[in-house]
**Q** 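Below is the structure I would like to discuss, written out as structure tokens.
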Amino acid sequence: MAEDAILGYLSTAEEIPDSGLFASQHCLPHNDVVNVIKSLHGFRYIDAQDIKRESWVLTDEGKKYAADGSPEVQLFLAIPQEGSISKDELQKKLEPSVFKIGCSQAGKNKWVDMGKQVSRKVQHVEDKVKDLLIRVQNGEEIGKDDVSSLKARKLIVAQTWKGYSVRKGPNYAPKRKKVATDLTRENLQRGDWKELEFKEYNFNAKGPPAEAGHLHPLLKVKQQFMNIFLQIGFEEMPTNNFVESSFWNFDALFQPQQHPARDSHDTFFLEAPSTTRELPEDYVQLVKRVHESGGYGSRGYMYDWKREEANKNLLRTHTTAVSARMLYALAKQPFAPKRYFSIDRVFRNESVDRTHLAEFHQIEGLVCDRGLTLGDLIGVLDNFFSRLGMSKLRFKPAYNPYTEPSMEIFSYHEGLKKWVEIGNSGMFRPEMLLPMGFPEDVRVIAWGLSLERPTMILYGIDNIRDLFGHKVDLSLIKRNPICRIGIN
Ligand code: FB9
């Protein structure tokens, strides 16, 4: 239809100057004409040039006034020729917006006398606004000031009209030749391949996207962190147990049983199995004692430590529970320095918001060796975070039940132009290490951070719910860029 019209027209005419005009002259929807032009241009039957035209179209309000007349004229006509009408009565006769705008416009035009009573000040008025709107509707030109006054009243808005001017192309023909896109056995048998015109190969055509699996951004960033830990001689701790006993999650870390984090407001306790099956009894007694009366130079917490409290099962609130298990196992062997790390899920009964879910991935690193100092901790943190592109670190004294001294870690983030809290750290307390059986001079420095925060910053994700959980938009997973940490 449109194709024959265009190719046919060009058989006699040099060009089609304006596809819009051509469409209306041939009673064709301009869209169809445009699609055909794009296709014929693709096959070089024609040469199409973009043409743009700024035009004005009526807003919904503009359309209303073009149909029913401008509000000021509607108001004027609602006032009796002679005498006056009360403002309230007049208001009842018109729509609220028409009355409001009508009053101000008619007032401005000095058409009416607006008091408690309203009366006409002139005999007759022209609805210039309506006429202008109708002319715009018909695509007619109107004066600049009229345009600006209608625009100011939000009765018209600019619209860019896009069309094409068309000329014959190198492959022009009055009728599109069927181009073959494949040389088939039948063509060869029938020998009609001689006449056939073959479509050119488009060697730039992209093949169908290769469907493949995609790594979640969190796993890409996790891999980067694992590479760094392995590069600096750390060994991964086994974290494949989300369910932990209160003993390893809290008591072994010298966290007292009345500590607020140990109640169900912060921690998910298990109904079934509600209690742990077994704990290393001798070690439990040492933990009980250090909580109750201290030792190793500590006075302990001086409270009655309850076994049943330690037996309670929960969803681990930190992977530091795994560190406790691994350090206890390490203390059983002849002492050898060790570097451990863990990256896995932890669960906290926290209110969900833009940066917090009830679960996140904790990253933890620890170094166990003789005579380690806070300086060693700062050194290790410098080394670790510099490999993440975070070189300028600052430390702020902090408190954890299981480390003394403790420090919050801050880094200046060039992209965000601010200091960002990037983690927490400290030296595990002797009340934690010595009951495990470590020699006096063995120290353990450790630190932790989350996986979600760096991933959100690296991928520019503002709300953690867009990153993790059932609301994640899968296309984010499909088209997120490769993760090269150290990107600022
Ligand atoms: O991840 C955190 N911040 C962070 C980390 C990296 C990062 O990288 C960007 C690319 C540049 C950006 C930000 N934080 C720890 C700091 C804050 O987000 C904090 O508000 C939230 N924290 C979580 C806990 O929230 C209750 C992050 C999580 C956290 C905090 C502490 C530890 C682990 C995770 C720990 C520990 C620890 C301490 C001593 C010994 C052993 C473990």
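Start at 1 and go down the list; that is how both ligands and their atoms are numbered. Quick caveat: nothing in here was measured; it's all calculated off a predicted structure.
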**Q** What about Glu421: any of its N or O atoms under 3.5 Å from an N or O on ligand 1?
**A**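 Glu421 vs ligand 1: N/O contact under 3.5 Å present.
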
**Q** Can a side-chain donor-acceptor contact be found between Thr320 and Glu364 if the only test is distance below 3.5 angstrom?
**A**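 Judged by distance alone, the side chains do pair up.
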
**Q** Among Ile457, Asn424, Leu449, which one puts a heavy atom closest to atom 29 (C) of ligand 1?
**A**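 The residue whose heavy atom sits nearest atom 29 (C) of ligand 1 is Leu449.
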
**Q** Could you walk me through whether Phe428 and Phe254 pass ring-ring contact (aromatic ring centres under 6.0 Å, His included), step by step?
**A** CA-CA 10 Å; Phe428 282 136; Phe254 196 55; over 10 Å; no

**Q** Can you sort out which atoms of ligand 1 are near Met390, meaning under 4.0 Å from one of its heavy atoms?
**A**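 Near Met390, the atoms of ligand 1 are 8 (O), 11 (C).
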
**Q** Have a look at ligand 1 and work out which part of Arg348, if any, has a heavy atom under 4.0 Å from it: side chain, backbone, both or neither.
**A**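 Under 4.0 Å from ligand 1, Arg348 contributes side-chain atoms alone.
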
**Q** Would you say that Arg370 contacts Pro337 through its side chain, given a criterion of any heavy-atom pair below 4.5 Å between the two side chains?
**A**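 No, side chains not in contact.
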
**Q** Run the salt-bridge test on Arg44 and Glu200 with the 4.0 Å N-O cut-off and return the result as yes or no.
**A**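 No.
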
**Q** Using a strict cut-off of less than 4.0 Å between a Lys/Arg side-chain nitrogen and an Asp/Glu carboxylate oxygen, indicate whether Glu61 and Lys154 qualify as a salt bridge.
**A**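 Answer for the salt bridge query: no.
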
**Q** In ligand 1, which numbered atoms sit nearer than 4.0 Å to a non-hydrogen atom of Ala446?
**A**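 Under 4.0 Å from Ala446, ligand 1 has these atoms: 40 (C), 41 (C).
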
**Q** Taking C-beta and beyond as the side chain, do Phe384 and Phe234 meet within less than 4.5 Å on heavy atoms?
**A**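 Not touching, per the 4.5 Å side-chain cut-off.
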
**Q** Taking heavy atoms and a distance under 4.0 Å, where does Ser450 meet ligand 1: side chain, backbone, both or neither?
**A**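 The part of Ser450 near ligand 1 is both the backbone and the side chain.
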
**Q** Could you list the atoms of ligand 1 found under 4.0 angstrom from a heavy atom of His413?
**A**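 Counting atoms of ligand 1 from 1, those under 4.0 Å from His413 are 11 (C).
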
